[in-house]
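What follows is a set of notes on a single structure, which appears directly below.
These numbers come from the heavy atoms of this one structure, side chains and all, not from hydrogens, waters or symmetry mates.
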Amino acid sequence: MPTKAVTDASFQSDVLDSDKPVLVDFWADWCGPCKMIAPALEEISEELADKVTIAKVDIMENTDIAAKMGVQSIPLMVLFKNGEPVANKLGAAPKGALKAWLEGEL
């Protein structure tokens, strides 16, 4: 399953009300490291589709949720379980490291 674009309007239903864990990638078009990890997140989304949903929030277009989450640096990945943030990872990393971190948190 490809990554899912989430907006301020859909955050509640797509992330907080999800029946499975959701990894939210807070990113922006101008962010080089965000662009570096995007292909890895797409692949991880396919590989772990049965365990987790990977969502992307463009912080420039969705300022409300970025502000509520206190996003100050990107890329910031926040893992939500049962509507609650349970883990986060700041900065870019190789696919293997991202996947290992995520699997360790699931």
Below 3.5 Å, can you tabulate the donor-acceptor pairs from side chains in residues 28-38 to any protein atom, sequence neighbours excluded?
unit_1: K35; atom_1: NZ; unit_2: D29; atom_2: O; d: 3.1

Side-chain donor-acceptor pairs under 3.5 Å in residues 97-106, sequence neighbours left out?
unit_1: K99; atom_1: NZ; unit_2: E47; atom_2: OE1; d: 2.7

Distance-only check: which donor-acceptor pairs under 3.5 Å involve side-chain atoms of residues 49-57, not counting sequence neighbours?
unit_1: K56; atom_1: NZ; unit_2: D25; atom_2: OD2; d: 2.8

Atom pairs and distances, side-chain donor-acceptor, residues 59-69, under 3.5 Å, sequence neighbours left out:
unit_1: N62; atom_1: OD1; unit_2: D8; atom_2: N; d: 2.9
unit_1: N62; atom_1: ND2; unit_2: D58; atom_2: O; d: 3.1

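Among residue pairs with one or both ends in residues 53-106, none qualify as disulfide bond (SG atoms under 2.5 Å apart); sequence neighbours excluded. Sorted by first then second residue, the disulfide bond (SG atoms under 2.5 Å apart) pairs that include residues 38-106, not counting sequence neighbours, number zero. Applying the disulfide bond (SG atoms under 2.5 Å apart) definition to pairs two or more places apart or across chains, none involves residues 52-101. The disulfide bond (SG atoms under 2.5 Å apart) analysis of residues 66-97, with sequence neighbours excluded, yields no pairs. Pairs engaging residues 35-62 under the ring-ring contact (aromatic ring centres under 6.0 Å, His included) rule: none recorded [sequence neighbours left out].
With sequence neighbours excluded, the residues that form a side-chain contact (heavy atoms from CB on, under 4.5 Å) with N88 are L76, V78. In terms of the side-chain hydrogen bond (donor to acceptor under 3.5 Å, both in side chains) criterion, residue partners of T3 (sequence neighbours excluded) are, by chain and number, E42. Taking the side-chain contact (heavy atoms from CB on, under 4.5 Å) definition, one finds that Q12 meets it with L16, D17, sequence neighbours left out.
For the residue pair S10 / S13, no side-chain donor-acceptor distance below 3.5 Å is found, with atom types taken as modelled.
Residues I74 and L23 fall into different hydrophobic clusters, defined by Ile, Leu, Val, Met, Phe, Trp and Tyr side chains chained together at heavy-atom separations under 4.5 Å. Clustering ILVMFWY residues whenever any of their side-chain heavy atoms sit less than 4.5 angstrom apart, transitively, puts I44 in the very cluster that holds M77. The hydrophobic clustering, which links ILVMFWY residues whose side-chain heavy atoms are closer than 4.5 Å, places W27 and L90 apart.
Ring planes of F26 and F11: tilted class, angle from 30 to 60°.
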